Structures are given as structure tokens and as C-alpha cells.
Amino acid sequence: MAKTLFDKIWDAHVVTQVDGGSEVLYIDRQFIHEVTSPQAFDGLTKRSLPVFRPEKTVATADHNVPTANQHLPIKEELSRFQVDKLTENCKKFGVELYGLGHQYHGIVHVIGPELGITKPGMTIVCGDSHTSTHGAFGAIAFGIGTSQVEQVLASQCLVLKRPKRMRITIDGELQPGVLSKDIILYIISQLTASGGTGHFVEYAGTAIEKLSMEARMTICNMSIEMGARGGMIAPDEKTFEYVKGKKFAPQGADFDEAVAYWKTLYTDEGATFDTEYHFKAEDIEPMVTYGTNPGMGIKVSAKIPMVEQVDNPVTYKKSLKYMGLQEGESLLGKQINYVFIGSCTNSRIEDLRLVANYVDGKQKADNVYAMIVPGSKLVEEQVKAEGLDKIFREAGFDFREPGCSACLGMNEDKVPKGEYCVSTSNRNFEGRQGPGARTILASPLMAAATAIEGKIVDVRKNLN
Amino acid sequence: MEKFQTIISSAVPLPIEEIDTDQIIPARFLKATTREGFGDNLFRDWRYHPDNSPKEDFILNNSIYKGKILVAGKNFGCGSSREHAAWAIYDYGFRVVVSSFFADIFRGNSLNNGLLPVQVSAEFLHDIFTAIEQDVNAEFKVDLEEQTISIVNTGASTSFEIDPYKKMCLLNGYDDIDYLTSLRSEIEAFEQQQVAW
């Protein structure tokens with residue numbers, strides 16, 4: 001029978017069936033970080049259980065860590081305690097830790113792919129909803145809660161109900177200045193923040209096939225923002241090429257054997273999906289969000305919808321009030337004082353090359369504080385090797401050390417109350433970047449252009 | 001996990017849609033390493049001013065609204081996977097959240113912590129909000145065994161879905177680890193036949 005990519009991988013990981021239709025799914029790899037793991041380790045200790053397969057879990061400290069002076073002890077006491085707790089737990093339970101100061105340290109969804117830990121056909125989990133990022137390799141990857149982190153530590157398995165399948169096909173050619181971030185913000189604006197709930201998404205179509213691996217990661221990363229359990233893209237030559245030679249990738253003959261298997265990972269002709277959507281790449285413009293969930297996005301040339309156009313006026317008005325924006329308003333020309341370029345969505349080397357290329361020889365606007373936070377130590381090193389850090393500094397940007405940073409403001413990197421921040425991150429929820437902060441999500445190019453102009457512009461007009 | 005027993009209680013209405021887990025418990029309060037105490041910061045930025053004084057117009061600061069049931073608009077619990085959101089709601093004293101639609105991860109996290117997500121139709125949700133509007137002490141009965149929720153004084157009732165395995169776990173206070181660790185030999189057998197990469 002014709003199968004979807006999702007079902008091929010899922011079926012290959014079912015250990016047993018549970019009464020009532022759930023299944024026990026084997027998990028190939030778990031990533032853990034300091035925020036959602038301490039209670040899981042605590043649970044193991046209380047039950048006197050070891051970590052069942054310590055070699056299948058990899059840890060890093062990313063959510064809490066400062067992005068300056070990482071060689072010094074963490075100043076903030078609670079953050080330091082949580083990061084120390086992770087170190088202690090990893091040591092006690094025999095889990096590999098790429099902590100602060102380690103050459104592989106970084107945001108969990110950046111380091112997995114760049115080290116070749118993430119591979120096609122795998123099942124991957126992490127106590128973080130953006131785990132869907134790894135789906136870009138043709139893996140089933142999804143975020144879980146701490147109780148489930150504990151379950152995987154204890155048994156390498158989860159009890160799950162198989163989600164529905166959705167396919168989103170995007171065909172055609174993207175306009176210059178339109179990035180994969182715009183594709184996913186556009187999709188979410190069309191499907192809403194709950195449009196994918198209950199589903200696992202496969203992204204397909206000629207526009208997706210043309211994207212680089214890092215651009216694909218940006219798309220899969222934000223699957224959760226439409227409520228989907230995860231997102232994935234069938235692996236192809238670009239995927240194999242990306243994985244090849246990475247530290248933990250299969251080597252030599254093993255690699256060829258792996259590729260032969262990975263080539264079987266695609267949706268069969270005639271396989272059916274519970275839900276399908278089709279979009280044209282040509283319809284997509286640079287996107288910006290105006291509200292307090294990622295579904296509240298518009299093309300940069302469009303105006304904020306009128307209250308009578310929406311079906312939840314109470315929530316909608318609350319959202320616009322928080323953002324200090326009016327129905328019918330355009331965001332073009334809006335003054336912006338903060339720009340954040342980073343996060344598991346857009347902090348990889350390609351993102352930073354795009355930004356460097358755009359800001360090279362330019363100066364940020366006087367009213368703007370712009371920070372660039374690389375996704376990992378390896379990305380940071382690559383930036384320096386290519387001299388991009390110099391370009392950033394000369395343009396007036398603050399180039400920092402790796403971490404989740406101002407995406408969620410768990411460390412010192414926060415946006416002040418009432419200020420707007422154009423951010424390449426993934427969430428514009430109330431208070432996400434700090435209490436009272438107002439987030440406008442956009443692509444790295446749009447963020448770079450905002451920093452230079454000091455206001456929101458249509459980046460397409462500034463490209464040669 | 002505590003066993004889930006039938007609940008008859010008044011309810012706290014929060015008729016907002018798309019309530020994300022960053023609102024339920026903001027990230028800056030996720031630095032604890034235990035599961036307890038998150039209730040103090042439940043809905044922190046909706047509940048308190050920056051100087052920590054209560055916001056008078058927020059429902060949790062209005063003492064006439066109380067009970068073990070939280071009723072909220074659709075897509076409740078969207079966003080971050082933080083289980084701290086379920087812990088905060090439970091720690092505050094709620095045992096049931098009613099909405100017309102739950103985000104997947106939040107639903108799973110709740111079930112793993114003895115907090116029951118009850119999904120009802122948009123119409124029934126509206127009826128619940130109306131019942132509370134008419135009488136803040138209106139009581140609701142949530143019967144997990146029967147999978148029903150009813151408005152006690154009108155007798156209006158509706159059924160809700162729950163996975164049979166999860167229902168069994170909640171009624172008995174079991175969690176998945178008890179079950180998964182009992183499968184050890186099957187899991188090891190599975191590993192033997194898996195491909196190397």
C-alpha cells in the first residue's frame with residue numbers, strides 16, 4: 001500500500017500497540033537542555049531508575065545562558081543553578097553534555113544538524129516545541145513535555161497516538177528578497193495558529209525542493225506555530241550532501257549504505273493525506289506579524305485586518321491593544337528601536353551571511369539597537385573565519401555569543417516594555433521577549449533592513 | 001500522580017482565545033528545578049503589575065470566582081511545550097480545563113499530570129460561559145468514568161473524548177513510566193532488529 005514519508009518512519013519505530021489505539025514508539029535520539037530536564041532527572045532518582053540508553057541522549061545549555069562573557073561564571077543565580085544542575089545530572093547519569101565553553105555548544109536545534117546527529121529516517125524528541133526543526137532531514141521530530149523527557153530517559157520510548165497527516169505543497173519561484181521564513185510566516189497566516197493541530201506536516205513542492213537545508217530547517221522549525229506536532233521534508237541529494245562528513249554522520253561504506261536507505265524515504269505516489277494545502281511561491285512577499293501569535297501575519301505591503309474581518313473580535317482587539325497598533329494600519333515606515341537576529345529559527349551561517357551581505361558598508365540607524373546571536377559555537381567560529389563579525393561591528397551591530405537569547409528572554413537579553421522589536425525568532429506572544437515587549441516576526445533580510453533604516457521597509461525595494 | 005475523581009465545582013471563566021503557555025507561565029519563571037510552586041506565577045503578567053501589585057480586573061484576582069475548573073477560549077495552551085504550564089494550573093488548584101480546542105502538547109502534558117483537558121463544542125463552551133455569567137457559583141460536574149460534563153442546575157450535559165489508555169491512567173493514578181519500564185524485553189528486542197544509523 002502506498003505510504004506517506006511520515007508513516008514509513010513511524011511504522012519502522014513501533015515497538016508495540018497499546019489497547020485503545022496508542023502505540024509505543026522507539027525514539028532514536030533525545031536532545032535535552034537545562035530548562036525542561038531537571039524535573040525528569042529528579043523523577044528518575046525518585047524511582048531509582050538509570051538512563052536506559054545514555055548514548056542516545058545529547059545535552060546542551062542554551063535557554064538560560066548569557067550571550068556575553070561566556071568564559072565567566074553565570075551571574076544570574078537561578079540561571080547558574082539550573083545550568084549547574086544540568087551538568088551535575090549529565091555527569092551522574094552518563095549523558096554527553098555540550099555545555100558552555102564546549103566547542104560544540106549552542107542552541108539545541110542548531111547543533112544537532114551541524115554535528116550530523118540529526119539524520120534522515122530518525123525519530124527525534126526534545127523538551128522544546130521547536131524540535132520540529134530536525135524534520136528538515138526527513139526525520140520525525142517533535143517537542144515533548146518533561147514527563148515525556150523522563151519517559152524517554154527511562155525507556156527510550158513514548159506512548160503516542162499517531163497524528164493525522166497534512167501535506168503543504170508550495171510550487172513555483174520565490175521573488176528576490178523572499179526567504180523561507182516568509183514562506184512559513186505566510187503559511188501560518190493562511191492556516192492560523194491552530195490550523196495544523198492534530199497533524200504532522202510534510203512540506204513538498206518545487207519551491208521547497210529548491211531550498212537549502214538551512215532554509216528548510218527554518219520552515220520545519222515553525223510548524224508548531226500553526227499547532228502542528230511537527231513538520232518534515234523528504235530527504236534528497238542536498239540532504240545527503242549536508243550530512244556527509246559531519247562529525248557523527250556515518251562514514252565511508254556505512255554512509256553509502258545509509259544513503260541507499262534514506263533514498264526510500266519519500267511519500268509514495270497515491271499515498272493519501274488527511275488534509276492538503278497548495279500555495280504558489282509567487283504569491284509570497286516579505287512577511288511581518290502585527291499581533292500576538294504567529295498566525296497574525298501580513299505581507300509587508302498589506303494593511304492590518306479590520307476587526308469586522310476576524311471571527312474572534314475580543315481576542316483580536318486585546319492583541320492589537322497590546323501591540324499598540326490599529327486595524328487598517330500599514331507597518332511600512334513604522335519606527336523600530338530594537339532588532340534581534342538569532343534563535344533556532346534563523347541563526348545559522350546562511351542567515352548570518354545574508355545579513356552580512358546586506359549590511360556590508362552600511363550603518364545601522366541611530367535609533368536602533370541591533371543584536372546578532374549566532375546559533376552555536378561552530379556558527380560563531382565560521383562567522384569569524386569569514387570576517388563577517390567585522391562587517392557586523394562596522395555596521396554597528398552587537399555580535400554576541402551563542403544561545404536562545406532574546407527569543408524568550410530567559411537571560412539578560414530582553415526588549416524593554418512597550419518597545420517594538422523586529423525579530424527573526426519564532427514567537428510574538430505577549431511578553432515573549434520581556435514583559436511588555438512588542439515583537440514583530442520577520443526574515444533575517446527584513447530584520448537587517450529594519451536595523452539599517454530604523455523603520456520597517458519592504459526589503460525588495462533595497463535589493464540590487 | 002493522584003487518581004482523578006469526579007469533580008463538582010464552580011468554575012473560573014477566561015473567555016480569551018489562543019492562550020499560549022508563555023501567558024500561563026512566562027519563561028522567566030522556568031528556572032526552578034522542581035515541579036512545585038508554579039501556581040504563584042500562573043498567568044503572572046495578566047495577574048500582576050510589574051511592581052507585583054495585583055491587576056484588579058483580572059479574573060484570578062476577583063474572589064467571587066473560584067473553583068477547580070478553568071474555562072477558556074479555543075486553542076488553549078498553544079506555543080511552547082513547557083510542562084510548567086500544566087504544573088502551574090494544577091498547583092494553583094485547578095483539576096480540569098475546559099475549552100473548545102486544546103493545543104496538542106499542552107493536552108498531553110496535562111494528562112501526564114492529573115489535569116483533565118475537557119474539549120467541548122463551541123456552543124457548549126458558550127453555554128458554560130453564560131451559566132457563569134448568570135451565577136458565579138454555578139456548578140459543573142465532570143465525570144471521567146462516564147466522559148461527561150454537565151451544568152448542574154440546568155442539567156445540560158455533553159460527552160467528551162479521551163484516549164482509553166490515558167483514561168485508565170488518570171482513573172488509577174498510573175503514569176507511562178510504570179508501563180514503559182515493564183516493556184524492557186520488547187524494547188531490547190526492537191533495538192536488535194533496528195538498522196545501525
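Predicted model, so just to flag it, every value in this text is computed and none were measured. Throughout, a chain's letter reflects where its sequence line sits, starting with A, and its residues are numbered from 1.
With rounding to the nearest 0.5 angstrom, the OG atom of Ser81(B) is 9.0 Å from the NE2 atom of His130(A). Interatomic distance, CG of Asn293(A) versus CG of Asn75(B), reported as 8.0 Å (0.5 Å rounding).
A donor atom on one side chain and an acceptor atom on the other are not found under 3.5 Å apart for Gln39(A) and Thr33(B). Between the side chains of Ser194(A) and Lys74(B), no donor-acceptor pair is found at a separation under 3.5 Å.
Between Asp175(B) and Arg47(A) there is a salt bridge, with a side-chain nitrogen of the basic residue lying less than 4.0 Å from a carboxylate oxygen of the acidic one. Taking the charged nitrogens against the carboxylate oxygens, Glu150(A) and Arg35(B) do have a contact shorter than 4.0 Å, which makes a salt bridge. Using a 4.0 Å cut-off between charged side-chain N and carboxylate O, Arg53(A) and Glu191(B) make a salt bridge.
If you measure heavy-atom distances from Asn312(A) to chain B, the contacts under 4.5 Å come from both the backbone and the side chain. Both the backbone and the side chain of Leu78(A) have a heavy atom closer than 4.5 Å to some heavy atom of chain B. With a threshold of 4.5 angstrom between heavy atoms, Phe248(A) does not approach chain B through any atom at all. Contacts between Tyr316(A) and chain B at a heavy-atom distance below 4.5 Å are absent for every atom of the residue. Of the atoms belonging to Ile144(A), it is backbone heavy atoms, and not side-chain ones, that fall under 4.5 Å from chain B. When heavy atoms are compared at a cutoff of 4.5 Å, Ala12(A) approaches chain B solely by way of its backbone atoms N, CA, C and O. If you measure heavy-atom distances from Val15(A) to chain B, the contacts under 4.5 Å come from both the backbone and the side chain.
Val24(A) has its side chain within reach of Tyr179(B): a pair of non-hydrogen atoms, C-beta onward, lies under 4.5 Å apart. Two residues are said to be in side-chain contact when any heavy atoms from C-beta on lie closer than 4.5 Å; Phe52(A) and Ile187(B) meet this criterion.
When Ser22(A), Pro38(A), Gly121(A) are compared by the number of non-hydrogen pairs under 4.5 Å with chain B, Pro38(A) comes out ahead. Of the residues considered (Asp22(B), Ile177(B), Asn109(B), Thr181(B)), Ile177(B) shows the highest number of contacts with chain A, using heavy-atom pairs under 4.5 Å.
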